[in-house]
Engineer: 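Just dropping this structure here.
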Amino acid sequence: MDILRFATAGSVDDGKSTLIGRLLYDSKAIFEDQLEAVERTSRDRGTEYTDLSLLTDGLRAEREQGITIDVAYRYFATPRRKFIIADTPGHIQYTRNMVTGASTADLAIILIDARKGVLEQSRRHAFLTSLLRVPHLVLAVNKMDLVDYSQERFEEIREEFTAFASKLNVSDLTFIPISALNGDNVVSRSENMPWYAGTSLLHHLENVHIASDRNLTDVRFPVQYVIRPQRATDPAFHDYRGYAGQVAGGVLKPGDEVVHLPSGLTTRIASIDTYDGPVEEAFPPMSVTLRFEDDLDISRGDMIARPNNQPRVAQELEAMVCWMADGTKLTPRSKLTIKHTTRTARALVRDLHYRLDINTLHRDEEATALGLNEIGRVSLRITQPLFVDDYARNRLTGGFILIDEATNGTVGAGMIIDSSR
């Protein structure tokens, strides 16, 4: 059974947390004591109904203010698929949280209040999901019960958002009218909207095709750990040498010829091992251990690829960076640590080309720094070569994080848009 990772986004009070609560509740993915606690809190707050948003808003400040601040992850499963939900905040000051939650998502749900229509925050989150190359986008027009389930209102919002999405890189866009509070079109089709011919939200989540979203063409295997058990009690492991990691791209099979980077030496895969035993092939996002026919000097941070299909070896990078630090700013000449796949190096910010206004998509070329939650294009110089692809081609080998050398805290997330040798 495969796993679908999806993130919710949208303006404040559009009903993101209520929608996830409704999904969990109607799919019977919550425990009785959780439901009792939510019902008790709802009564204490004087609401006449069970506030399902409390299932995801776990921070006390979130419950008090009725908003989402941090990314909340929830897990549930149906007979068809497993799900990992990232409930991301809507406020502009929590853009970094939204970027964090959507960076690994296969699908994003952007909620829009049917009464308010497409707002600035709706456009901002749509742009961010496009920038992060989330393959599938669902526009859930929520609170349809407050506009009398009007087909005309739904069509107005669909036309407006479609016109905006045409400026973005969105490959799969689906519109679903829902009422998260009442459950209309969330888990099952609603009788209140007979004019809607599509499926319910859960049915769409269960059936959306994600296998082809991952890059199965370019073999990329960043080595994370060298496994040498040398167990004296078991002769079979005495000479065992394996290289563990997560497949970032392509399909690997025993007997395949591969190249080791940075040495450039070639060998063949002898076997592919997992916790459950050997397998005949490995593909993203499997975590496996590779064994090779030849003994090569391979260590953490190295890359396994195909001899005729290698990533670019780059020390100069052009990237879009989302700055996440509160107390410091990203400026030219900033010195940081960069972590790309399993390789860590030092980086120097050579230039800040522009700061992007994510509300208007305007490029401010006069900007001299990136502050908290701001996004811009930068040039980086790396102290040692990285094995990279453009983010549009592979989200794993095209993404990186920036780390403050003094505090060891993550201060930025980047997407490679161009790299040179």
Side-chain angles (χ1 to χ4, degrees), residues 6-30 35 38-39 41-43 45-57 62-63 65-68 72 74 76 78 83 85 87-91 107-123 125-126 137-162 173-206:
F6 70 91
T8 60
S11 302
V12 181
D13 293 332
D14 273 352
K16 297 181 293 297
S17 299
T18 302
L19 173 62
I20 293 177
R22 173 62 64 183
L23 275 173
L24 297 173
Y25 178 75
D26 285 359
S27 61
K28 298 177 173 58
I30 57 175
L35 182 59
V38 168
E39 290 174 341
T41 305
S42 299
R43 286 195 303 269
R45 290 171 57 169
T47 55
E48 298 177 356
Y49 55 89
T50 301
D51 188 355
L52 296 174
S53 68
L54 297 174
L55 285 169
T56 54
D57 288 340
E62 292 177 322
R63 291 175 181 246
Q65 299 179 56
I67 63 172
T68 301
R74 292 293 180 268
F76 76 103
T78 67
F83 300 94
I85 314 169
D87 183 19
T88 66
H91 289 67
L107 179 146
I109 301 174
I110 296 182
L111 274 85
I112 286 184
D113 189 325
R115 301 168 301 170
K116 301 175 183 176
V118 182
L119 302 177
E120 187 177 86
Q121 285 176 307
S122 311
R123 296 187 181 93
H125 286 143
L137 186 60
V138 174
L139 194 83
V141 183
N142 193 21
K143 303 186 181 181
M144 288 297 293
D145 53 309
L146 299 181
V147 293
D148 297 325
Y149 301 103
S150 168
Q151 181 180 4
E152 290 183 6
R153 182 58 180 150
F154 174 71
E155 294 295 343
E156 285 175 11
I157 293 172
R158 179 159 68 175
E159 289 178 12
E160 183 180 357
F161 192 85
T162 301
L173 178 58
T174 304
F175 295 86
I176 302 177
I178 65 169
S179 170
L181 187 64
N182 298 330
D184 294 293
N185 283 340
V186 177
V187 171
S188 55
R189 287 283 305 276
S190 170
E191 296 179 357
N192 294 315
M193 289 176 276
W195 46 265
Y196 172 66
T199 64
S200 68
L201 178 62
L202 182 61
H203 184 274
H204 181 75
L205 296 176
E206 286 181 326

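Basis for what follows: all heavy atoms, side chains included, without hydrogens, waters or symmetry-related copies.
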Engineer: What distance separates T162 OG1 from F175 CZ, expressed to the nearest 0.5 Å?
Structural biologist: 3.5 Å

Engineer: As an exercise, state the distance from NE2 of H125 to CG of L111, rounded to the nearest 0.5 Å.
Structural biologist: 11.0 Å

Engineer: Once you measure the plane-to-plane angle for W195 and F154, does it fall in the parallel (<30°), tilted (30-60°) or perpendicular (>60°) bin?
Structural biologist: tilted

Engineer: To the nearest 0.5 angstrom, please state how far the CZ atom of F6 sits from the CG atom of L23.
Structural biologist: 5.5 Å

Engineer: How far apart are the closest heavy atoms of L181 and R22, and which atoms are they?
Structural biologist: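 So the two residues come closest at O-NH2, 2.5 Å.
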
Engineer: Counting distance only, does the side-chain N/O of S200 pair as donor-acceptor with the main-chain N or O of V187 below 3.5 Å?
Structural biologist: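 Yes, S200 side chain to V187 backbone: donor-acceptor pair under 3.5 Å.
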
Engineer: For A140 and I178, work out which heavy atoms get closest and say how close.
Structural biologist: CB-CD1, 3.8 Å

Engineer: Salt bridge (Lys or Arg N to Asp or Glu O under 4.0 Å) with D113: which residues, sequence neighbours excluded?
Structural biologist: R115, K143

Engineer: Do L202 and V186 make a side-chain contact, defined as non-hydrogen atoms from C-beta onward lying under 4.5 Å apart?
Structural biologist: no

Engineer: If you compare all heavy atoms of F161 against all heavy atoms of I112, which two are closest, and at what distance to 0.1 Å?
Structural biologist: CD1-CD1, 4.3 Å

Engineer: Keeping R189 on the side-chain end and P194 on the backbone end, is there a donor-acceptor pair under 3.5 Å?
Structural biologist: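 Judged by distance alone, no pair lies under 3.5 Å.
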
Engineer: Determine the sole option in D184, D145, N185 for which the side chain to side chain donor-acceptor pair (under 3.5 Å) test with N192 is passed.
Structural biologist: D184

Engineer: Rounded at 0.5 Å granularity, tell me how far CD in E155 sits from CD in E152.
Structural biologist: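 Separation between the atoms: 9.5 Å.
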
Engineer: With a 4.5 Å heavy-atom cut-off, do I85 and F76 have their side chains touching?
Structural biologist: yes

Engineer: Kindly give the heavy-atom pair with the smallest separation between S122 and G117, and that separation in Å.
Structural biologist: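 In terms of heavy atoms, the two residues are closest at OG-O, 4.4 Å.
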
Engineer: Looking at T78 and E206, what are the two nearest heavy atoms and their distance?
Structural biologist: OG1-OE2, 2.8 Å

Engineer: Does the side chain of N142 come within less than 4.5 Å of L19's, by heavy atoms?
Structural biologist: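 Heavy-atom side-chain distance check fails, nothing below 4.5 Å.
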
Engineer: Could you measure the distance from the CZ atom of R158 to the CD atom of Q151? Nearest 0.5 Å is fine.
Structural biologist: 8.5 Å

Engineer: How close do M144 and S150 get, heavy atom to heavy atom, and via which atoms?
Structural biologist: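 Looks like CE-O, 3.4 Å.
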
Engineer: How many angstroms lie between CD1 in I176 and CE in M193, if you round to the nearest 0.5 Å?
Structural biologist: 10.5 Å

